[in-house]
Amino acid sequence: TTRTPEFLGLGKSDSIYPESDSGSDVIIGVLDTGVWPESKSFDDTGLGPVPSGWKGACETGTNFSASNCNRKLIGARFFSKGYEATLGPIDTSRESKSPRDDDGHGTHTASTAAGSVVEGASLFGYAQGSARGMATRARIAAYKVCWVGGCFSSDILKAIDQAVEDNVNVLSMSLGGGMSDYYRDSVAVGAFAAMEKGIFVSCSAGNAGPSSFSLSNLAPWITTVGAGTLDRDFPAYVSLGNGKNFSGVSLYKGNTLPGTLLPFIYAANASNATNGNLCMMGTLIPEKVAGKIVICDRGVNARVQKGSVVKAAGGLGMVLANTAANGEELVADAHLLPATSVGQKSGDDIKKYLSSDPKPSVTILFEGTKVGVQPSPVVAAFSSRGPNSITPEILKPDIIAPGVNILAGWSGALGPTGLPIDDRRVPFNIISGTSMSCPHVSGLAALLKGAHPDWSPAAIRSALMTTAYTVYKNGRNILDIATGKPSTPFDHGAGHVDPIAAHDPGLVYDLTVDDYVNFLCALNYTDDQISGLTRKEGSCKAKKYSVTDFNYPSFAVNFQSTGGSTVAKYTRTLTNVGPAGTYKVSLKSETQMVKVSVVPETLTFSQRNEKKSYTVTFNAVGAMKPNSNSFGHIEWSDGKHTVGSPIAFSWS
Amino acid sequence: VEENPKSTYIIRMAKYQMPAVFEHHTRWYDSSLKSVSGSAEMLYTYNNVVHGYSTKLTAQEVEALKAQPGVLSVWPELKYELH
């Protein structure tokens, strides 16, 4: 990726993550659409031999052989038996029955996690810079589980099964499948076994935001990653005939519009279809569109397809207007015709102009790439949101990372829009999603693993979470683009990832396999359900288990709205991974309806790996409306390190 | 339209309950599967993340398999999507 290393504070010459061989022993397994091995992001120059513990393979298939792997891309496998059992044999004229990526998504995520440095990367000149993955010296193993017809659980489970056997250190999965209970969800089941082997598992939170309860990948042994923006934009202004200008974004490159204003029409008025405003295939009337710029509403069909529909009908350009579902979030696309995306408010104003002017006119002004955009990050509207629909006592997502307009490696099999008619081929593409934020965290976890080989997956996650930030440099809270208001822990979890701070967190909330089993016991899972995850017999003993004592780095506290005093006690244990020191607690809370106290208020650590426990008491002192929420923060600090945890209060 | 359509399932086995007569767990899985379906074949066997296998079964075969000793669960295939 370009820009995200700088945005995250990586890539400085005096980096705390040196270009040493320790990080090059870390292997990231990426379950996705495969890999385009010819991408420069997988150049292995300067890398040493494949790590000695590696047991993986480079599988042969359509347009792919063992020679496609090297010391960067050390493994490539494909899993299609489940897919073919449901949808029939793979049509190799449409997709490669091999690890080769015909989609682009897998190449993008793999290169984001651990791509090598590529100078002069860009998409048509946009987002130009030195592209690199987060962990440039980590190795990549691609496990292709997603095909044209989807990703099937039997294939995903086998891929994780194989990745564990191959000895990956980090698993990156930018996919999800709804909200099944943990023991029914192949990603969660596979991730549990991976966690047992010390493998860090990061997954995308999903793109079902900004609705509440919209998260995927909720298991507490998974690090769940939401998406935020960068400080980068691709402005393309809408300039109306009445002299007004509106901000938009675009990645269009090609023939420019004439320097004069062009006739302008709303798609709904150029169609006989009831959904004509959406610019669906075959809905625009060419006679009404030809020679004009068309404004289309976002939704239902792909954004880039709307552009191709306008183009096919003879339109010269497109303005794509957000609706309430997307608000002011602007996602840039490499459209096939001059086009720009505008927010809902701008779209509404532009449509008012269209309806009020008998001869409306417009042009689009493309401004290229702009960096230093503030505020940034903001939580992406599409990023899925909490609360946790399976275990409300666990706050999810865990963290946010860059996931909007991310440039990374791309497949040579298709163009940047992914449309069949797009015959352009690009080495890098710019796309958005929690799919893009997940591999950022996977790569950062690989850096931490390289720097601290003895840290468990839970310790790595804790370091990432407790050092995440929730305020801008000016002290204001990170915003949610869906509302324009400050985001909450249900949107950003512990906050935005800060890999520099995560390198030296001071203290971590660690978890063992037994802790996770105790967590399942506390959820009253049956022996069979737990055995399905642990592969062992009868794990729960005749003792009292408590979800509130599960040593998670965040707090989700649930109260009944009936009122009266309700006391909830949560116990946590901190492990010292830094120098000796004394940490003092501080508390923040938005609400007076919950009294929070911590005992003890001071923790003194005299040596590394020493553990100290504390108890937080949450006392709800009054009635709140059902479905209301409030938020707070617990912070331990020794003056140098800050170990922060978000608190989410919910009343049901 | 098939009279008894088959769908894919993931079967999890309690490997710790494997009868001593079986030398290898895949033999046990196969025996269990063959006892409910003459035609079903395993798509995958899982060794590290779960003990079990995936296969295509009819609804009747699923019910019969659930009654087999050592079968922990029979879950239908789920489709996931990229994010």
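Lettering follows sequence order; numbering is per chain, from 1. Keep in mind that the numbers below use all heavy atoms, side chains included, and drop hydrogens, waters and symmetry copies.
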Between A:Phe382 and chain B, which part of the residue has a heavy atom less than 4.5 Å away: side chain, backbone, both or neither? neither
Please look at B:Leu82 and chain A and tell me whether the side chain, the backbone, both or neither of the residue comes under 4.5 angstrom of a heavy atom of that chain. both
Beyond-backbone contact of B:Leu78 with A:Ser180, side-chain heavy atoms, under 4.5 angstrom: yes
Contact leader toward chain B among A:Gly150, A:Gly176, A:Ala85, A:Ser437, where contacts are heavy-atom pairs under 4.5 Å: A:Gly176
Flag for B:Ser54-A:Lys81: side-chain donor and acceptor within less than 3.5 Å: no
Quick one, A:Thr434 and A:Val225 - any side-chain contact, counting heavy atoms below 4.5 Å? no
When heavy-atom pairs shorter than 4.5 Å are enumerated against chain B, which of A:Ser186, A:Cys438, A:Gly433 gives the highest number? A:Ser186
Between SG of A:Cys540 and CG of A:Asp527, what distance do you get to the nearest 0.5 Å? 6.0 Å
Whether the A:Thr224 and A:Lys396 side chains hold a donor-acceptor pair (N or O, under 3.5 Å, no angle test) is what I'd like checked. yes
Looking at B:Tyr9, B:Tyr44, B:Trp75, B:Tyr53, which makes the most heavy-atom pairs under 4.5 Å with chain A? B:Tyr44
Test log, rule salt bridge (Lys or Arg N to Asp or Glu O under 4.0 Å), inputs A:Lys158 and A:Asp161: CA-CA 5 Å; A:Lys158 185 60 188 176; A:Asp161 195 80; 3.5 Å; yes
Quick one: are A:Tyr182 and A:Tyr525 in side-chain contact, heavy atoms under 4.5 Å? yes
Most contact-rich option vs chain B, by heavy-atom pairs under 4.5 angstrom, among A:Val164, A:Asp32, A:Asp185, is A:Asp185
Quick one: which of B:Thr45, B:Leu72, B:Thr55 has the most heavy-atom pairs under 4.5 Å with chain A, could you say? B:Leu72
Pair count under 4.5 Å, heavy atoms only, with chain B: among A:Ser204, A:Ser174, A:Ser153, A:Ala205, highest is A:Ser153
A:Tyr183 versus chain B, the contacting section by heavy-atom distance below 4.5 Å: both
Rounded distance (nearest 0.5 Å) linking atom NE2 of B:His51 with atom NZ of B:Lys15: 4.0 Å
Side chain, backbone, both or neither of A:Ser80 within contact of chain B (heavy atoms, under 4.5 Å): backbone
Please classify the contact of B:Ser73 with chain A as side chain, backbone, both or neither, using a heavy-atom distance under 4.5 Å. neither
Under 4.5 Å from any heavy atom of chain A, what part of B:Tyr16 do you find: side chain, backbone, both or neither? side chain
Pick one of side chain, backbone, both or neither for A:Ser216, based on which atoms fall under 4.5 Å of a heavy atom in chain B. side chain
Structural part of A:Asp155 lying under 4.5 Å from a heavy atom of chain B: both
Okay, A:Val145 and chain B: the region with an atom under 4.5 Å from a heavy atom over there is neither
Determine whether more than 12 heavy atoms belonging to other residues, nucleotides or ligands lie under 6.0 Å from atom CD of B:Glu41. no
If the test is salt bridge (charged side-chain N to carboxylate O under 4.0 Å, His left out), which one of A:Lys55, A:Lys197, A:Arg77 qualifies with A:Asp166? A:Arg77
Highest number of heavy-atom pairs under 4.5 Å with chain B among A:Leu157, A:Asp528, A:Leu533, A:Asp103 belongs to A:Leu157
